[in-house]
J.: 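Just passing along the structure, written as structure tokens.
Atom set for the values below is all heavy atoms of this structure, side chains included, hydrogens, waters and symmetry mates excluded.
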Amino acid sequence: MSGTNAASGAAPCRFAHYFVICGIDTETGLEPDELAALYQWLEADRQGRDPDTAAAGENFEQSPLKRTFKSKVLAHYPENVEWNPFDQDAVNMLCMPKGLSFRTQADNREPQFHSFLITREDGSRTYGFVHTFYEEVTSPQICSAMQTLYQMHQAENPSSATPSSSSSSSMDSLASSLDEADSPSSSSCRSAACGGYDASRDTLYVSKALCLITPMPFMHGCRRFLSQMHWAVTAASPPPLPLESYVHNILYEVPLPPPGRSLKFHGVYEPIVCQRPGPGELPLADFPLGQTFTLLGVENLVQLFNCTLLEMQILLYSQDYQRLMTVAEGITTLLFPFQWQHVYVPILPASLLHFLDAPVPYLMGLQSKEGTDRSKLELPQEANLCFVDIDNHCIELPEDFPQFPNKPEFIQELSEVLLHYGISPVGGAPPTSVSTSTTTTPGSVSTRHPGLKSQQALRELEDDGRNGNLGGEQLAVLELLQGNATLERLQALAKRTGVRVEALRGVGGEREGQGQGGRTAVEEEELRNAKLNVQLREVFASRFTTMFADYEAFVIQSAPDLESWLTNREQMHNFDKASFLSDQPEPYLPFLSHFIETQMFATFIDNKIMSQWEEKEPLLRVFDGRIDKARLYNVRAPSLRSSNYQRCTILKESAQAIEQRLMKIDHTAIHPHLLDMKIGQGKYEQGFFPKLQSDVLSVGPTNNKWSNRTATAQRRKDRHRQQTEHLTLDNDLKEKYMQEARSLGKNLRQPKLSDLSPAVIAQTNWKFVEGLLKECRMKTKRMLVEKMGREAVELGHGEANITGLEENTLIASLCDLLERIWSHGLQVKQGKSALWSHLLHYQAREEKLEQQQAESPVSNGPERRKSESSIGMPSLRASVIQDMRHIQSMGEIKTDVGRARAWIRLSLEKKLLSQHLKQLLSRQALTKKLYKRYAFLRCEEEKEQFLFHLLSLNTVDYFCFTSVFTTIMIPYRAVIIPIKKLSNAMTTSNPWVCVSGELGDSGVRQITKNVLEMTFDCQNLGKLTTVQLGHDNSGLLAKWLVDCVMVRNEITGHTYKFPCGRWLGKGVDDGSLERVLIGELALPNADEDFGRGCRTPDMQHSPGQTRRVSITSMGGRGYKPTSAQIQEAIGEAVNSICKHFHKPEKERGSLTILLCGEVGLVGALEQFFHNGFKSARLFQKTVFVWDFVEKALAYMESADQMGDMQETAEPLGLTCVSLCHYVSAINSSPRNIGKDGKFQLLVCLGARDRLLIQWLPLLLECPVIQQMYEESALLRDRTTVNALIAVLQTLHDFPITLEASLVKGIDL
């Protein structure tokens, strides 16, 4: 992450690996930058122009001073380092990302500093630190070539004498490879002629870069060393020793500081101190975090941090390379103990712009050109992009993603740390220093308020107004300068000679600005920065220590050895996500459920599992150590599981550790010394960096103790490593399996900078296509395994059910994947969502082609009705356009990204996602028009496999649309299906219906007489649970035999069946005019089920259970279950209710079904009461259980009046009162629900109010039971009744609430 991995194994203990000089090659002269030409070729291809004409010839429109010319690596020492081979192209490109730039004496020629990093194939990193300055061009050939180019430019563009006229297309602004960002002051102060070049009048300068390449990011040390090297060249007198001595010293005689120690080595003029954290501390990070917070502000930075953790695409945007690097390294540093696993290119060279097309998570930095408008920046995909405009201190976030847990308290704690160091938590304000120091960090930034124009001129004096690259000092320094003539003269002199202000202060600082302990102001500042860095990082680290304190308990160690684990890596389940989430505080869940699906978390768990066979990965070792320490201090108490914010407790110690190391230097490197050199070479010439003698710099000293020691140790280590590699990597196992999804970004974590031929670009895109397909396979498999619940356990995946939260996370990540696939290889981007843009193109074409096809499918209903009268529901045609219209009519969704996500959710719920996308992609002419040849959607074989993986999702039921868009209006269609064909034609009464769901009810809706079908719009009811069906009993033929009611959601197509099978009417059946019917999701019928495949069984009952028929239903009259079956049914019904309450609240589903459904508690108790009941009387009316209840009550009341009940115990008397109260309330209800309906209601109310177990003994004791029940009846057997009471007792632990449709009109 921060170089620890790079330094720990492969790199020997040398502070720097290479010293590099880049600049102009006077032999070859001025060459146009090939990469810029390649970039133009790519750009032309992107915009659909002919690339060959675009890249041919020179760009005469631009002034030659603004053009890019090819830079070269002029020298690098040593020639090669075995363990870190020198990549000339990459280093050249990153040292001078824009190529050479030219200046005249009229331009601003401030030196600049920036850093870069190169990520190797194995993920390890090498850091580069670059000091760029301007050197006078002495070659007459180059001066005359520049003169000629300028004349040609003028001839082509006679009007362009002024510098401002160089036009720039929107993509120049993206590239900015063709222009140098000039400071406003320098461009405005020039005369019209300044933009040109006249060899007789002007002095020409060209950029040159000095670079150190190191295994670890010692930014401050390298920066100070390079600035002293430059200072040695520009100073009036030669340096104390030849420059070779200093280069040789840092390459061969300065070791890396050992862990936990500090090291002092010597630059040209001043000593430089650096320190390295100990093995138990956070790894090294030398980039100033304070500056990152200053640039973005705490709020923005926490949001950016959150996006990084959730592995979104992150694009940093700034004029200044060093700012890009500082923010990128700052953010990745804060991820501890996790590591960014995807494409990571903090400085994206102009020639690699096609990488923004990458359909994978990335963290990249793009250099902006001054004055460029963000709106002109055309990015291939923005649906999942976090865009960070560093210079304007603002970020643009993707739509709806979960917030970081305890965000307000977290921001509060960070703000306090910043304020302690005098930094404003609100981004964009210049940092206010503490009194001991008068400068910001070398490399920090002075950000500017628009209102400070009056100080502009002064600021320009000492600040690189263009991009604050050179430690812009603050107002305190300016005031000091204003009041001090000597310093002012010094400053002006410094400006002329190119010496840096800090360096001057470093010399004069001993006299003037000695800090505590005899440290200079610069050293004070560095110490302060190091302390601020570590304290900010500790706050972040302690969040993870709190959140993942128990993570080890959920790691599944299932393999006996490393080899078998690697072989089966893809099939293995490494982390028990469901249990982990169920153990977390509720507010953390949205974030954690997303985060544990990321690649960085998967890699972290992989490292944990592998640590049982291999040495622990350094970050993991530190993290585990911290968790153990926390456990030691507070024995894991339940309080830790609460969502209360826990502040970091080790801020003081962490800062002290750093201070002690910097106060007491542990090691001092050998001083630079004279080398055995040829005399007379590399003579000092002020302002010019000399040609160094390569023979003395190509090899290190032979007598250096530490280098010998570490070299032999390293050889030993390397031998050991090669052996273990032969053991484990022979068959590429590790490469193949170690990181399932990481292999997706494996070779792409940093693109190859050296070879950028179109063939390589094509190969890169091919890798992306393969990666996307693999990711699709993994995601769909994960969604299926999670959703299949019980089957998943049998398959050994170890998770019994999926939580709604987790389902939502998986679907959100599927939406993100589809957006990335649709934005890969786009010809021209339109809108933020590539998928929705494609759908709109498709819609426009289809509506144009055939309007008759786009007619509402409902209108086809009546013609089809005859053939389908047995089903009773007209079929709903699957149509991409129809679903789009539903989404477009939803006012709640404001953005294209939101519409695309809603459309995906709707298609998934309808089991039409694969079919819809296939339909969309079947218009090949459209796909060709919208996508380039290499795009994923134009790779036929991969596209087919992708659609096949999506098809597998049809095997499970999702409610991902209904459950998310809860406030939208939805059209419903209800159809009442009578049993007798003539029944509906003959009834004379006026029927009505009221549909209820988990989110509400429709209210009473009248149905036109004799039509028995209606459609109505109402707010989303969620999953439907009950239908109340009734009629007003008017007319002569008021009896009505109903088979069932069917209700369909016309948007999602979900159809619910509400079985009835009873009469409604006075004097028939149980005399009911109204019935409450309990529904279940109906299977789609075969002709409608367009290739949907199988589905999981309904949620109401598990697949193994036989469907029991309610005794009271018509078909069930002849069916007599045994007493054992009845008792089992009651047990199962109670069990289901207990299970229901043990689920998280959001995932419980409908309790009504468990109470009154086909295998619910009411039905089971009905069977119990029916057992041995004398119901059918010869020549008499049928008797119902309700009749028994009423008779028993009448007996109790009469007995009570006669005083027989006086002797009974007091509680029994109260019970009798409660039963009478409930029965009379039900009887006096205005609803005509019939006798069975009343019994159902009594059971529900008794269960809710925990009275059932009190009522049962009363009924058992009542003499009426002997008249109405046979001797063998269950209700007359005391033991059985006691057993039943014990079973029902378990329901008392749960708060049963009843749906409004059940208890309507009951007044208790």
J.: Given 3.5 Å as the limit, does a donor-acceptor pair link the side chain of Glu413 with the main chain of Glu409, or not?
T.: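 Side chain of Glu413 to backbone of Glu409, a donor-acceptor pair under 3.5 Å: no, none is there.
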
J.: Roughly how far, to the nearest 0.5 Å, is the OG atom of Ser542 from the CE atom of Met547?
T.: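 One gets 9.0 Å once the value is rounded to the nearest 0.5 Å.
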
J.: Using only atom types and a distance under 3.5 Å, with no angle test, would you say the side chain of Asp576 pairs donor to acceptor with the backbone of Phe554?
T.: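 Looks like no, no N/O pair under 3.5 Å.
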
J.: Checking Gln319 side chain against Asp391 main chain: does a donor-acceptor pair fall under 3.5 Å?
T.: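 Pair absent, no side-chain N/O of Gln319 close to backbone of Asp391.
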
J.: Can you measure from CD1 (Ile423) to OG (Ser415) and round to the nearest 0.5 angstrom?
T.: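 If I round to the nearest 0.5 Å, the distance is 11.5 Å.
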
J.: If you take all heavy atoms of Leu363 and Ala328, which pair is closest and at what distance?
T.: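 Looking at all heavy atoms of both residues, the closest pair is CD2-CB, 4.0 Å.
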
J.: With a 3.5 Å distance limit and no angle check, can you tell me whether Arg323 reaches the backbone of Gln291 through a side-chain donor-acceptor pair?
T.: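 The answer is no, because no donor-acceptor pair under 3.5 Å joins these two groups.
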
J.: Determine yes or no for a side-chain-to-main-chain donor-acceptor pair under 3.5 angstrom, with Gln535 supplying the side chain and Leu651 the backbone.
T.: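 Looks like yes, one N/O pair under 3.5 Å.
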
J.: Parallel under 30°, tilted from 30 to 60°, perpendicular over 60°: which one fits the rings of Phe601 and Phe338?
T.: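 Tilted, since the angle between the ring planes falls between 30° and 60°.
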
J.: Do the side chain of Gln313 and the main chain of Val360 share a donor and acceptor less than 3.5 angstrom apart?
T.: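 Between the backbone of Val360 and the side chain of Gln313 there is a qualifying donor-acceptor contact (under 3.5 Å).
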
J.: Begin with the C-alpha distance, continue with both residues' side-chain angles, and end with the deciding distance and a verdict on side chain to side chain contact (heavy atoms under 4.5 Å, CB included) for Thr326 and Leu295.
T.: CA-CA 10 Å; Thr326 302; Leu295 287 168; 5.6 Å; no

J.: Do Phe293 and Leu532 have side chains that approach each other closer than 4.5 Å (heavy atoms only, starting at C-beta)?
T.: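 No, every pair of side-chain atoms sits at 4.5 Å or beyond.
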
J.: What are the two closest heavy atoms between Leu263 and Pro257, and how far apart are they?
T.: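 Answer, listing the atom of Leu263 first, then Pro257: CB-CB, 3.9 Å.
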
J.: With a 4.5 Å cut-off on side-chain heavy atoms, are Thr333 and Phe287 touching?
T.: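 No, too far: nothing below the 4.5 Å cut-off.
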
J.: Please walk me through it: do Thr598 and Glu311 pass side chain to side chain contact (heavy atoms under 4.5 Å, CB included)?
T.: CA-CA 7 Å; Thr598 58; Glu311 295 188 334; 3.4 Å; yes

J.: Could you measure the distance from the CD1 atom of Ile314 to the OH atom of Tyr344? Nearest 0.5 Å is fine.
T.: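 Going from CD1 on Ile314 over to OH on Tyr344, the span is 10.5 Å.
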
J.: For Phe404, give me all partners under ring pair (Phe, Tyr, Trp, His ring centres under 6.0 Å), at least two apart in sequence or on another chain.
T.: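 Here the qualifying residues are Phe305, Phe410, Phe591.
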
J.: Contact between Gln367 and Pro97 at the side-chain level, heavy atoms closer than 4.5 Å - yes or no?
T.: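 Counting from C-beta outward, Gln367 and Pro97 never come under 4.5 Å.
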
J.: Could you tell me if the side chain of Ser318 sits less than 4.5 Å from the side chain of Met325, heavy atoms only?
T.: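 SC-SC contact between Met325 and Ser318 ruled out.
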
J.: Backbone N or O of Ser262 within a donor-acceptor pair of the Arg661 side chain at under 3.5 Å?
T.: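 A pair under 3.5 Å: no.
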
J.: Dump the intermediate steps for side chain to side chain contact (heavy atoms under 4.5 Å, CB included) on Tyr127 and Cys222, then the final yes or no.
T.: CA-CA 10 Å; Tyr127 290 82; Cys222 294; over 6 Å; no

J.: State, with a plain yes or no, whether a side-chain heavy atom of Leu324 is found less than 4.5 Å away from one of Pro346.
T.: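 No, every pair of side-chain atoms sits at 4.5 Å or beyond.
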
J.: Which residues pass the salt bridge (charged side-chain N to carboxylate O under 4.0 Å, His left out) test with Asp389, not counting sequence neighbours?
T.: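 Per chain and number, Asp389 pairs via salt bridge (charged side-chain N to carboxylate O under 4.0 Å, His left out) with no residue.
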
J.: Where is the tightest heavy-atom contact between Ile395 and Leu397, given as atom of each residue plus distance?
T.: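 Looking at all heavy atoms of both residues, the shortest contact is CD1-CD2, 3.7 Å.
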
J.: Between Trp340 and Met312, which heavy-atom pair has the shortest distance, and what is it?
T.: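 Nearest pair, atom of Trp340 first, then Met312: CH2-O, 3.6 Å.
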
J.: In terms of ring plane angle, is the pair Phe623 and Tyr551 parallel, tilted or perpendicular, where the classes change at 30° and 60°?
T.: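 Correct class here is tilted.
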
J.: Listed by chain and number, what are the side chain to side chain donor-acceptor pair (under 3.5 Å) partners of Glu416, not counting sequence neighbours?
T.: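 Per chain and number, Glu416 pairs via side chain to side chain donor-acceptor pair (under 3.5 Å) with Gln412, Arg647.
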
J.: State, to 0.1 Å, how close Leu117 and Thr119 come at their nearest heavy-atom pair, and which atoms those are.
T.: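 In terms of heavy atoms, the two residues are closest at CD1-OG1, 3.3 Å.
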
J.: Checking Glu653 now: which residues fulfil side chain to side chain contact (heavy atoms under 4.5 Å, CB included) with it, not counting sequence neighbours?
T.: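 If we apply the side chain to side chain contact (heavy atoms under 4.5 Å, CB included) test to Glu653, skipping adjacent residues, the hits are Ile650.
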
J.: Please check: side-chain N/O of Asn529 versus main-chain N/O of Glu525, any donor-acceptor pairing under 3.5 Å?
T.: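 Present.
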
J.: My understanding is that only residues two or more places apart in sequence, or in another chain, count here; which of them pass side chain to side chain contact (heavy atoms under 4.5 Å, CB included) with Pro408?
T.: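 Checked Pro408 against side chain to side chain contact (heavy atoms under 4.5 Å, CB included); zero matches.
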
J.: Is there a side-chain contact between Phe218 and Leu256 in this structure, where contact means two heavy atoms from C-beta onward sitting under 4.5 Å apart?
T.: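 Heavy-atom side-chain distance check passes, below 4.5 Å.
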
J.: Donor-acceptor pair, distance only, cut-off 3.5 Å: does the side chain of Gln599 make one with the backbone of His342?
T.: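 Between the backbone of His342 and the side chain of Gln599 there is no qualifying donor-acceptor contact (under 3.5 Å).
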
J.: Does Lys664 have any salt bridge (charged side-chain N to carboxylate O under 4.0 Å, His left out) partners at least two apart in sequence or in another chain, and if so, which?
T.: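 Scan of Lys664 (salt bridge (charged side-chain N to carboxylate O under 4.0 Å, His left out), adjacent residues dropped) gives Asp666.
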
J.: Phe401 versus His594: any side-chain heavy-atom pair under 4.5 Å?
T.: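 In short, these two side chains do not touch, never coming nearer than 4.5 Å.
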
J.: Suppose we screen for side chain to side chain donor-acceptor pair (under 3.5 Å). Which residues come up paired with Lys608, at least two apart in sequence or across chains?
T.: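 Expected list: Glu552, Asp624.
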
J.: Show the nearest heavy-atom pair for residues Cys648 and Val539, with the distance to one decimal.
T.: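 Taking every non-hydrogen atom into account, CB-CA, 4.2 Å.
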
J.: Report yes if the side chains of Tyr421 and Leu536 come closer than 4.5 Å at any heavy-atom pair, otherwise no.
T.: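 No. Closest side-chain heavy atoms not under 4.5 Å.
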
J.: Going by salt bridge (charged side-chain N to carboxylate O under 4.0 Å, His left out), name the residues that satisfy it together with Glu399, two or more places apart in sequence or in a different chain.
T.: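 Once residues adjacent in sequence are excluded, Glu399 has no partner under the salt bridge (charged side-chain N to carboxylate O under 4.0 Å, His left out) criterion.
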
J.: With sequence neighbours left out, write down each residue that passes side chain to side chain donor-acceptor pair (under 3.5 Å) with Arg621, or none if nothing qualifies.
T.: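 Scan of Arg621 (side chain to side chain donor-acceptor pair (under 3.5 Å), adjacent residues dropped) gives none.
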
J.: Got a sec, which pairs hit salt bridge (Lys or Arg N to Asp or Glu O under 4.0 Å) with one end in residues 282-306, sequence neighbours left out?
T.: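 Sorted pair list: Glu299-Lys407.
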
J.: Please test Phe548 against Leu592 for side chain to side chain contact (heavy atoms under 4.5 Å, CB included), starting from the C-alpha separation and ending with a verdict.
T.: CA-CA 10 Å; Phe548 293 99; Leu592 285 175; 3.7 Å; yes

J.: Identify, with sequence neighbours excluded, every residue that meets side chain to side chain donor-acceptor pair (under 3.5 Å) alongside Thr292.
T.: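 Thr292 satisfies side chain to side chain donor-acceptor pair (under 3.5 Å) with no other residue.
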
J.: Calculate, to the nearest 0.5 Å, the distance between atoms CE and CD belonging to Met219 and Glu526 respectively.
T.: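 The CE atom of Met219 sits 8.0 Å away from the CD atom of Glu526.
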
J.: Should the pair Tyr317 and Phe387 be assigned to parallel (<30°), tilted (30 to 60°) or perpendicular (>60°) ring geometry?
T.: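 Answer is tilted, since the angle falls between 30° and 60°.
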
J.: Check salt bridge (charged side-chain N to carboxylate O under 4.0 Å, His left out) between Arg626 and all other residues, then give those that pass, not counting sequence neighbours.
T.: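 Once residues adjacent in sequence are excluded, the partners of Arg626 under the salt bridge (charged side-chain N to carboxylate O under 4.0 Å, His left out) criterion are Glu538.
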
J.: Donor-acceptor pair, Gln557 side chain versus Val555 backbone, under 3.5 Å?
T.: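 Not confirmed, Gln557 side chain does not pair with Val555 backbone.
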
